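Shown next, in structure tokens, is the structure this report addresses.
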There are 4 protein chains.
Amino acid sequence: MSVNKVILVGNVGKDPEVRHLDSGVAVANFPLATSESYNSKSGERVTTTEWHNIVLWRGLAEVAEKYVTKGRQLYIEGRIRTRSYDDKDGNKRYITEIYGDQMTMLGTRADNQGSSEQGGATQNSGSKSTPQVSEPDIEEPEGDEDLPF
Amino acid sequence: MSVNKVILVGNVGKDPEVRHLDSGVAVANFPLATSESYNSKSGERVTTTEWHNIVLWRGLAEVAEKYVTKGRQLYIEGRIRTRSYDDKDGNKRYITEIYGDQMTMLGTRADNQGSSEQGGATQNSGSKSTPQVSEPDIEEPEGDEDLPF
Amino acid sequence: MSVNKVILVGNVGKDPEVRHLDSGVAVANFPLATSESYNSKSGERVTTTEWHNIVLWRGLAEVAEKYVTKGRQLYIEGRIRTRSYDDKDGNKRYITEIYGDQMTMLGTRADNQGSSEQGGATQNSGSKSTPQVSEPDIEEPEGDEDLPF
Amino acid sequence: MSVNKVILVGNVGKDPEVRHLDSGVAVANFPLATSESYNSKSGERVTTTEWHNIVLWRGLAEVAEKYVTKGRQLYIEGRIRTRSYDDKDGNKRYITEIYGDQMTMLGTRADNQGSSEQGGATQNSGSKSTPQVSEPDIEEPEGDEDLPF
DNA sequence: TTTT
DNA sequence: TTTT
């Protein structure tokens, strides 16, 4: 009876960290930046950046491992999840993450690799550079508890 | 160059707290619950609830003050914002909030008030019980009729 | 490499028509109304209604058959699809439809049935009146061509 | 009491046609393609393309006039609107359009211009190549700093 | 009519 | 920590 949906277009802040759980399930984590600009009262242009903690599971994590790199522009659709953990001092802390259910690579390869032999709008051929992917299904990301975050 | 969008349909956990800043600007805060169900490996039906910290400004805050109450089912569209603050021990803490840009009251009055004289699908008359509102914008693209398509 | 997403909250205009294809696949069709209000230049409050042609497949169609009725308030998430057909005069015509991938019943039962023994915000017990459902997966709605629209 | 929202990421099919109404209001029209791939029953990879009729007003139309060109990858957020018109034979016809409320240019300039002196991830400097824009609204919730959370 |  |  409810909806929890997030849609982000932003830039990857660091190369993903990908773990493979004992169960064989892959999990990827990386930060994604979105930014907003507005004119302050005093007239300057102000830009603020928001950092999102992206978490991808299974197939999406594997795609991230292969194709997602720092600087990449991505579309991510997913849901918000806040979880608690104990910090080194035994205090309960909270962290909010975005569990991605859908991911689309934006821009072309030239854009994102800096290899730069080619700068046009055409996508690189062969090696299916940047697939669009989604979660296999509505399978729940269980086994979550196994993760030593 | 980026997008930070959240869409929620959930139930209000507590009556909003509404503050009026010195500037006259109103700010409302309240928790909104979304829930998800899935079948665990062991076969039971598991429901997890996610709590979202909703923040509304100005006109939306004023609408919340008047119409949003505990239990209410709402549609909220907004953006994610994580801010830091120092806790009582001087430690830096983070909290993630949803700044609402658009809000729609769901269900009918009977639904949400329990007064219940009337249960049909028709909306309550008079007193425009549950207005739909958004941040200032909403300039209508009129003049449409002028177009010689 | 692309995204085609629609999010609607509106009211069902007519009870769904549900067909069962030879393959056993169910398909449901019904209109959903969304409305917008704004103040015209001349100062009156103007409300315009938009009608969306909703199409649901398989499990979602079956849920619609059981639970979706005229007047019901629904959340629908899906994608836009425009298809052509030949009208009685042999002219090519186009129709745009929303293929729903996700559906959530809004409001409570009292709201939507008019039976009205109960009007509070609590959901009906037992018989899990209004389930939230989604497409089994990314299975393509093939067999579409079989439909005598 | 309703929501009519569309989110698209796709490629511009033709340079926009921009009109300036007598009132001074600008209107831009262009097609945007989104595509979907899936594996058919017979095992081949099938890609279908959906064409969306984008309509932008005022400031957004002016941005489109300056920056949107054929091939460009765009994020568009808006709403569905179906309108009728009479065709040359006097028959009533319908067309469904997407009225854009928000637009974001995706990829970098190198991506979209083919000028190609440069292929890396860095955006072109100067001439603020690809602004992100939205309909008039966007009043910032400043005064935030005043809040004694 | 785009893009991969 | 990204990007413009």
Side-chain angles (χ1 to χ4, degrees), chain A residues 8-17 29-38 45-54 67-76 104-112 114 118 120-133, chain B residues 1-4 82, chain C residues 1-4 82, chain D residues 8-17 29-38 45-54 67-76 104-112 114 118 120-133:
Chain A
L8 303 173
V9 172
N11 293 91
V12 175
K14 291 200 299 190
D15 286 351
E17 289 174 20
N29 289 266
F30 59 89
L32 188 79
T34 58
S35 49
E36 249 189 300
S37 297
Y38 60 93
R45 191 79 186 155
V46 180
T47 296
T48 62
T49 295
E50 191 66 37
W51 287 98
H52 309 273
N53 303 303
I54 308 296
Y67 302 109
V68 171
T69 51
K70 182 175 165 171
R72 200 58 159 104
Q73 190 181 36
L74 292 184
Y75 169 92
I76 295 268
T104 297
M105 312 291 194
L106 300 176
T108 67
R109 239 182 141 192
D111 241 3
N112 295 292
Q118 182 212 43
T122 51
Q123 197 80 8
N124 183 280
S125 62
S127 66
K128 48 193 53 162
S129 49
T130 54
Q132 176 178 10
V133 264
Chain B
M1 314 297 278
S2 61
V3 174
N4 172 358
T82 298
Chain C
M1 315 297 280
S2 60
V3 176
N4 172 0
T82 299
Chain D
L8 302 173
V9 172
N11 294 91
V12 175
K14 291 200 302 191
D15 285 352
E17 288 175 22
N29 290 266
F30 60 88
L32 188 78
T34 57
S35 48
E36 248 189 299
S37 297
Y38 62 93
R45 191 77 187 156
V46 180
T47 297
T48 61
T49 296
E50 190 66 38
W51 286 99
H52 308 272
N53 304 301
I54 308 297
Y67 302 108
V68 172
T69 51
K70 181 175 165 172
R72 201 57 160 103
Q73 189 180 37
L74 293 183
Y75 169 93
I76 295 269
T104 297
M105 311 293 194
L106 300 177
T108 66
R109 241 185 142 188
D111 241 5
N112 296 291
Q118 182 210 44
T122 51
Q123 198 80 8
N124 182 280
S125 63
S127 65
K128 48 191 58 161
S129 49
T130 53
Q132 174 177 11
V133 266

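Note that the structure is predicted; figures quoted are calculated from it, not measured. In the text below, chain A, chain B and the rest are named by the order of the sequence lines, each starting its count at 1.
In this structure, D:Ile54 CD1 and D:Asn29 CG are separated by 9.5 Å, a value rounded to the nearest 0.5 Å.
Between the base of F:dT3 and the side chain of B:Ser2 there is no donor-acceptor pair shorter than 3.5 Å.
Between D:Trp51 and E:dT1, a base-stacking contact is recorded: ring centres under 5.5 Å apart, planes less than 30° from parallel.
Rounded to a whole Å, the CG atom of A:Asp15 is 11 Å from the P atom of F:dT3. Distance OH (A:Tyr38) to C1' (F:dT4): 17 Å, rounded to an integer number of Å. Taking atom CZ of D:Arg45 as the reference point, atom P of E:dT4 lies 16 Å away to the nearest angstrom. Between the CZ atom of A:Arg72 and the C1' atom of F:dT4 there is a distance of 17 Å, rounded to whole Å. Distance, D:Leu32 CG to E:dT3 C1': 10 Å, rounded to whole Å. For the pair D:Ile76 CD1 and E:dT2 C1', the interatomic distance rounds to 14 Å; values are reported in whole Å. Atom CG of D:Leu74 is separated from atom P of E:dT1 by 19 Å (rounded to the nearest Å). Whole-Å rounding puts the A:Asn11 CG to F:dT3 P distance at 6 Å.
The side chain of A:Pro31 has F:dT1 as its nearest neighbour among F:dT1, F:dT4, F:dT2. With distances taken from any side-chain atom of D:Lys14 to the nucleotides F:dT3, F:dT2, E:dT1, the minimum falls on E:dT1. The side chain of C:Met1 lies closest to E:dT4 when the candidates are E:dT4, F:dT2, E:dT2. Each of E:dT4, E:dT1, F:dT2 was ranked by its minimum atom distance to the side chain of A:Ala33; first place goes to F:dT2. Each of E:dT1, F:dT1, F:dT2 was ranked by its minimum atom distance to the side chain of A:Thr49; first place goes to F:dT2.
Using a 4.0 Å heavy-atom cutoff across all strands shown, D:Thr47 reaches no nucleic acid atom at all. Using a 4.0 Å heavy-atom distance criterion, D:Thr34 is classed as making no nucleic acid contact.
Panel note: side chain D:Arg72, backbone D:Leu106; a donor-acceptor pair is recorded below 3.5 Å. Side chain of D:Asp15 to main chain of D:Lys70: a donor-acceptor pair is present (N/O by atom type, distance under 3.5 Å, no hydrogens or angles). Side chain of A:Gln73 to main chain of A:Val9: no donor-acceptor pair is present (N/O by atom type, distance under 3.5 Å, no hydrogens or angles).
Of all non-hydrogen atoms in A:Thr34 and B:Val3, the two that sit nearest each other are CG2-O, 3.3 Å.
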